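Quick caveat: nothing in here was measured; it's all calculated off a predicted structure.
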Amino acid sequence: MRKFVAPDFTCESWNSVESYLLDLQNRDISSKESFRQWLLDKSELEAVLEENMAWRYIKMTINTLDEKLTESYQFFVTEIQPNLAPYEDAWNRKMMHSEWISELEQDQAYAIYFREVRTALELFREENIPIETELNTLSQQYGAISGKQQITYKGEQLTMPQAANYLKNTDESVRKEVFELISNRRLEDRETLDELFGKLVILRDKLAKNTGCKDFREYKFKALGRFDYTVEDCLAFHDAVEQVIVPIARQITEKKCAKLGKTKLKPWDSEVDPDGLEPLKPFQIGSELIDKSISIFEKLDPYFGSCLKTMKEEGYLDLESKTGKAPGGYNYPLYESGIPFIFMNAAGAQRDLSTMVHEGGHAVHSFLSRDLELTGFKSLPSEVAELASMSMELLTMDLWSEFYSNPNDLKRAKLEQVESIVKVLPWIAQIDAFQHWIYTHPVHTTKDRTQEWLRLSNRFGTGLVDYTGYEAVLESSWHKQLHLFEVPFYYIEYGIAQLGALGVWTNYRKDAQKALEDYKHALSLGYTKPIPEIYETAGLSFDFSKETLNRIGITLREYIENLD
C-alpha cells in the first residue's frame, strides 16, 4: 500500500511526477529517522515508476502493431525517464553526503546498495541523458522489426516460433522448405538490423567515453555491477567452454549425423529427432501449459505452485504466440504490486515447456524477495536471477510426466533439455566473446563484424553443420539474439548461472529437501548479500573455471549416456 505516492497517481504527465521528485530533493534528512524514511519514500516512488514503465513495455510487446501502446511506452522513455536522471543523480549525491551512511553500511544489504549508488554517481553524466533516450528508442525498434516477421506455409500465416515447430518435422523436405521460408524472411531485415546495430554500437561507445571509460566494455562492467568477477574471468570461461563443452557437443552431433545417415547436418537438421520420432507436443493451448505448470510447481514445493496460481488469477500471464507479438519470453518483476508478469511465445513445443518453468523460476524469485525493505534490494544481478530460473528447469524435469504420460516421451524431453544445455553453453560463450570484440573494436564495418562472427562460429561450433548455399544465414545468425540489441553485455550471466543451476540440480539429486531449502533461502535474499555468498547459501561455489567445467562435463556425459 502506498504511503508516499498518492493512490490515484498514474504518471500521465511530467508535472504529475515532479512534485514527488522535488519533495525528495528538498527534504531535510539530518536525523537518522528522517533519513530512513527518506530512503523508504524514495524506494516507493522508484517501485511505482518502474512498474508504470513495465506495464507500458508489457502491453507494447504483447501487441507491437498497436501504435497507441508504442506511443505510451515511448512517452515514458522520452518524456519521463530522461527527466528523472538529473533528480536521481541529485538524490544519490544527497544520500552519500548523509552522516548516517557509515552506520547503515554495517548492514551488508545497505553496503551493497550504497556500492551501487556510488557506481551510479561515478558513471552519471548529464550529456549522456539524450544518448540514453536515443538508445532506448533505437533498441525498441528491434522488437518491432522482429514482431512483424512471419511466414506463409500451406496457406497459413505463422509467427517465427510457430514456424520453428516445423523444423522438428521428420520429413526433410518439409524442414528444408520451412527453413528457407524463415531464413528468407529474416534476411529481408538483414540490412535494416545491421544498420540499427551499427548505430547502437556508436552511441554506446560515445556514452562510455563520456564517463571517462576506455570503452563500452569497461563502462558496462561497472554499470552491471560486476564486482565479483572480471573481464579476464569471462575470457577464461570462453576458453573453458571451447575446451570442455564443445567436444561434448561435437559427440552429440556426430551421433545424430550417424543416425540420420549423414556426414554433416544441414542447418534444417538441428532440431529433428534423429530416431525419426515426431516432435514432442507437451500441450495444445496456453491454458493447458499454465495449469499443468502449476501442478508441477505444487508437487515440487507448494509455495512454488501458489506463486503461479496467483499470477493466473490476477491475469499476469500472456503465453501464446500471435501476430504482432514481440519475440522471446521474459518475466518482468513488478516491484510495487509484488506480482511479476510472464510473457511468452508458446506454440506447443517442448522448448515452450522449458521456457515456462524457466520464467516460473524467475517468478518464484520475485515472490520470495518481494517483502525486502527497499526496491534496490529486489533489483537482482543477473547471475543470481538466472540461477533461479535455470535451476527450476532442471528441478522440475522428473515432474514433466504431468505433460508426458508416455515414459519414453518424458525420457526424450529430459534428454532434449540436458543436451540443450550442452548446446547453449558454446552459444553463450560465442555471444559474449562477440560482444567483447564489438565494444573493444567500436570502429568497424559490417564486413568486419561478419568476419569476426564467422571466426567465433568456427571456434565454438562443432564443424558438423554444412551451410553451403546458406552462407548469409550463418553470417547473420546473431541477429536472432535480442540481448545484443536491447540489453548489451547481458548474456554471460546465463552461462555462469547455468553452471550454478547444474550444481543445484546435483545437490537435489543427492538430498532433495535440503537442496530446495537452500535454493529458497538463497532466492529470498534478493540482492542483500554479495553474489558469492548467495551462491554459497544455495549450496554452491561461485566458480566458473575450467576445473568446474570439467566436473560438470562428466556429470552431463553420464546423464546423457544413461538416457540415450
Side-chain angles (χ1 to χ4, degrees), residues 111-112 115-116 118-119 122-123 204 208 211 213-249 379-391 421-422 424-442 452 455-456 459-460 481 483-484 487-504 506 522 525 527 529-556:
I112 291 170
R115 181 179 66 179
E116 298 280 332
R118 289 188 180 98
T119 301
E122 178 190 347
L123 295 179
R204 287 166 182 164
T211 68
C213 290
K214 177 183 176 183
D215 50 43
F216 187 69
R217 178 173 71 177
E218 180 186 345
Y219 169 86
K220 203 62 181 173
F221 265 67
K222 291 180 180 180
L224 289 170
R226 290 181 176 172
F227 300 108
D228 299 302
Y229 60 99
T230 65
V231 167
E232 289 69 30
D233 290 327
C234 295
L235 301 180
F237 172 78
H238 303 163
D239 291 340
V241 169
E242 179 185 9
Q243 295 164 23
V244 177
I245 303 299
V246 170
I248 303 176
S379 184
L380 304 162
S382 301
E383 299 83 358
V384 175
E386 297 304 334
L387 175 68
S389 56
M390 290 183 161
S391 295
I421 293 172
V422 176
V424 80
L425 283 170
W427 177 259
I428 290 169
Q430 181 172 346
I431 290 290
D432 191 59
F434 188 51
Q435 299 201 82
H436 281 261
W437 183 87
I438 290 288
Y439 295 110
T440 55
H441 300 78
E452 177 61 16
R455 185 187 72 79
L456 292 171
R459 179 184 176 189
F460 294 106
Q481 196 63 59
H483 300 72
L484 295 170
V487 277
F489 265 107
Y490 170 35
Y491 207 59
I492 194 171
E493 292 89 343
Y494 288 98
I496 295 169
Q498 185 68 78
L499 303 186
L502 288 163
V504 171
T506 299
L525 294 173
Y527 196 21
K529 301 288 183 184
I531 296 175
E533 196 168 326
I534 295 172
Y535 270 58
E536 185 179 343
T537 303
L540 312 167
S541 60
F542 186 66
D543 176 20
F544 41 104
S545 63
K546 185 179 178 182
E547 291 70 28
T548 297
L549 265 291
N550 277 323
R551 289 195 299 272
I552 285 172
I554 292 170
T555 300
L556 290 171

What's the shortest heavy-atom distance between Gly500 and Leu387, and which atoms?
C-CD1, 3.5 Å
Are any of the side-chain heavy atoms of Pro488 and Phe216 separated by less than 4.5 Å?
yes
Side chain to side chain, Phe434 and Gln481, heavy atoms closer than 4.5 Å
no
Distance (rounded to the nearest 0.5 Å) between Glu116 CD and Leu224 CG:
9.5 Å
Close side-chain approach of Thr548 and Phe542, heavy atoms under 4.5 Å:
no
Between the CZ atom in Arg118 and the NZ atom in Lys222, the distance rounded to the nearest 0.5 Å is 15.0 Å
Any chance you could measure Thr506, atom OG1, to Arg551, atom CZ, to the nearest 0.5 Å?
10.0 Å
Working to the nearest 0.5 angstrom, can you tell me the gap between Leu235 CG and Thr230 OG1?
8.0 Å
Could you walk me through whether Phe227 and Tyr229 pass the ring-ring contact (aromatic ring centres under 6.0 Å, His included) test, one step at a time?
CA-CA 6 Å; Phe227 300 108; Tyr229 60 99; over 10 Å; no
My understanding is that only residues two or more places apart in sequence, or in another chain, count here; which of them pass ring pair (Phe, Tyr, Trp, His ring centres under 6.0 Å) with His238?
His436
Heavy-atom closest pair, residues Tyr535 and Glu383:
OH-O, 2.7 Å
For Phe237 and Gly495 the tightest heavy-atom approach is CZ-CA, 3.9 Å
Stepwise, does the side chain to side chain contact (heavy atoms under 4.5 Å, CB included) test hold for Leu123 with Tyr219?
CA-CA 8 Å; Leu123 295 179; Tyr219 169 86; 3.8 Å; yes
Just verifying a value: how many Å separate Cys234 SG and Asp239 CG, rounded to the nearest 0.5 Å?
11.5 Å
Restricting to non-hydrogen atoms, name the atom on Leu540 and the atom on Gly503 that form the minimum distance, rounded to 0.1 Å.
CD2-C, 3.5 Å
May I ask you to say whether Lys220 pairs ionically with Asp215, meaning some side-chain N is under 4.0 Å from a carboxylate O?
no
Checking Arg226 against Ile492 for the side chain to side chain contact (heavy atoms under 4.5 Å, CB included) test, could you report, in this order, the C-alpha distance in whole Å, the side-chain angles of both residues, the deciding distance, and whether it holds?
CA-CA 11 Å; Arg226 290 181 176 172; Ile492 194 171; 3.7 Å; yes
Output, in order, the C-alpha distance, side-chain angles, deciding distance and verdict of side chain to side chain contact (heavy atoms under 4.5 Å, CB included) for Arg217 and Phe221.
CA-CA 6 Å; Arg217 178 173 71 177; Phe221 265 67; 3.9 Å; yes
Could you tell me which non-hydrogen atom of Phe460 sits nearest to which non-hydrogen atom of Ala429, and how far apart they are?
CE2-CB, 3.6 Å
One thing to verify: whether Glu452 and Arg459 come together as a salt bridge, which I'm taking to mean a side-chain N less than 4.0 angstrom from a carboxylate O.
no
Should His483 and Ile431 be marked as a side chain to side chain contact (heavy atoms under 4.5 Å, CB included) after you check the CA-CA gap, both sets of side-chain angles, and the distance that decides it?
CA-CA 9 Å; His483 300 72; Ile431 290 290; 5.8 Å; no
For Glu386 and Tyr490, which I'm curious about, is there any donor-acceptor pair between the side chains at under 3.5 Å?
yes
Just so I know, are the side chains of Leu502 and Thr555 near enough to count as touching, which here means a heavy-atom distance under 4.5 Å?
no
Run the salt bridge (Lys or Arg N to Asp or Glu O under 4.0 Å) test against Glu547 and tell me which residues pass, sequence neighbours left out.
none
Any side-chain to backbone donor/acceptor pair from Thr211 onto Ala208? Under 3.5 Å, distance only.
yes
In Å and rounded to the nearest 0.5 Å, what is the CD1 to CD1 distance from Ile531 to Ile534?
6.5 Å
Taking the six-membered ring for Trp, are Tyr439 and Phe489 parallel (under 30°), tilted (30 to 60°) or perpendicular (over 60°)?
tilted
Any residue meeting side chain to side chain contact (heavy atoms under 4.5 Å, CB included) with Val244, in chain and number order, not counting sequence neighbours
Lys546, Leu549, Asn550
Tightest non-hydrogen contact, residues Pro426 and Ile245, listed as CD-CG2, 3.9 Å
I'd like to know if the side chain of Asp543 pairs up with that of Ser545 as donor and acceptor (distance under 3.5 Å, no hydrogens or angles considered).
yes
